[in-house]
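Inspection log for the structure reproduced underneath, given as structure tokens.
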Amino acid sequence: MSSTPHLGPVPQRIAVDAEQVRRLVADQFPQWAGHPVQPVANGGWDNWTFHLGSRALVRLPSASEYALAVDKEHRWLPALAPRLPLPIPIPLAKGEPGAGYPYSWSIYSWLDGETASADRIADPVRFALDLAEFLSALQSVDTTDGPRPGQHNWYRGGTLRTYEEKAQRALTALDGHVDIDLARGIWQSALDARWDGVERWFHGDVAQGNLLLNDGKLSAVIDFGTCGVGDPACDLAIAWTLLTADGRQAFRERLSVDEATWARGRGWALWKTLVTCAQTLHDADDSAAGALRILGEIFSEYELAQRRP
């Protein structure tokens, strides 16, 4: 029997509205009852996110699987924050089920900034180095008793083979539209790249929506719902999904990433991009174009790496 974890069924998300959040806050944390509640624009998928006044936010898991991260965040984010060079969200209070909402939920301090995108980053290489410094500091934190890969973070930090079915399904859907042979070769090289077994802390979802900018510079890292300890290669996907070629090189050098870890990181970027490409294949919008651009970046970087002596 295979020891590869299975992701399980797609989470069944529930809806939450501002009035429900107001009732939850008023019932459980009356000190904040007078603060206005407004949905956060582009507040994410795993959690429903609402402004609570101007300096706090409320995060409510959208499904039972995502609720598994609540206790983890309350335990570990206060411990991680003093060891990191950039601000991260700090939980202020943990709420309980109520007002028709079935899961634990959180109130966090608000972090100012705009989400990262290529056109907003002032200096791509400096941004890459700052991100590498942050991840290096995170990886250096003591992993004792840290959360190992599991359902709470969709097995980030574990084997890429957990995502084999998703990758193969996407490859089948994309046959005739992208270079499938090249994609299969990159994916197989990632699966074959061995991890040394040294556990390190990782964020688990280093994506542009979780990186905040102030005046074009990296100013904070948010959303640690998929964090844990294990193989940190999952945090390298950003090298292909957001960084420039020069930034990617600087990022890799600062983190001293070996060939096997880099190949696994490329694999994390690849399967996510393949799935997005397959889902948006017949769409004529920015998400489809962006996914194809990233796929081209992965292909080009891999082919260039193969030509190096």
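S106 and H74 share a donor-acceptor pair across their side chains, judged by distance under 3.5 Å alone. A donor-acceptor contact closer than 3.5 angstrom links the side chains of R120 and T115. Counting only N and O atoms by type, the side chains of N47 and T49 include no donor and acceptor under 3.5 Å apart. When only modelled atom types and interatomic distance are considered, D285 and S287 share a side-chain donor-acceptor pair under 3.5 Å. For the residue pair S189/D192, the side-chain donor-acceptor check at 3.5 Å is not satisfied.
Here R307 does not pair with E303 in a salt bridge; the nearest charged N to carboxylate O distance is not below 4.0 Å. In this structure, E19 pairs ionically with R22, as a charged nitrogen and a carboxylate oxygen lie closer than 4.0 Å. Note on D130 versus R126: salt bridge recorded, some NZ/NE/NH1/NH2 to OD/OE distance being below 4.0 Å. A salt bridge links D71 to K94: one of the charged nitrogens lies within less than 4.0 Å of a carboxylate oxygen. Using a cut-off of 4.0 Å between Lys/Arg side-chain N and Asp/Glu carboxylate O, R55 and D112 are scored as salt-bridged. With respect to the salt-bridge test (charged N to carboxylate O, under 4.0 angstrom), the residues D231 and R200 do not qualify. Under 4.0 Å is where a charged nitrogen must lie from a carboxylate oxygen, and between E259 and R252 at least one such pair does.
Ring centroid separation for the pair W268 and Y163 comes in under the 6.0 Å cut-off. Ring-centre distance between W105 and W48: not below the 6.0 Å cut-off.
When each of W262, W271, F251 is checked for a ring-ring contact (aromatic ring centres under 6.0 Å, His included) with W240, only W262 meets the rule. A side-chain contact (heavy atoms from CB on, under 4.5 Å) with R156 holds for exactly one of T226, D235, T162; it is T226.
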Applying side-chain hydrogen bond (donor to acceptor under 3.5 Å, both in side chains), run through D258 and T261 and close with a yes or a no. CA-CA 6 Å; D258 60 40; T261 305; 2.8 Å; yes
Test side-chain hydrogen bond (donor to acceptor under 3.5 Å, both in side chains) on E96 and Y103 and set out the steps. CA-CA 7 Å; E96 300 300 330; Y103 314 124; over 6 Å; no
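Heavy atoms of other residues, nucleotides or ligands lying less than 6.0 angstrom from CG of N42 number 12 at most. No more than 12 heavy atoms of other residues, nucleotides or ligands shown are found within 6.0 angstrom of CG on D215. Counting non-hydrogen atoms of neighbouring residues, nucleotides and ligands closer than 6.0 angstrom, the CD atom of Q31 exceeds 12 such neighbours.
At least one cation-pi condition fails for R266 and Y302: the charged atom is not both under 6.0 angstrom from the six-membered ring centre and inside a 45 degree cone around its axis.
How far CZ of R293 is from OG1 of T241: 8.0 Å, rounded to the nearest 0.5 Å. Here CG of L295 is found 7.5 Å from CD1 of I186. Values are rounded to the nearest 0.5 Å.
Pairs passing the side-chain hydrogen bond (donor to acceptor under 3.5 Å, both in side chains) check and including a residue from residues 61-70, sequence neighbours excluded, read R13-S62, W45-Y66.
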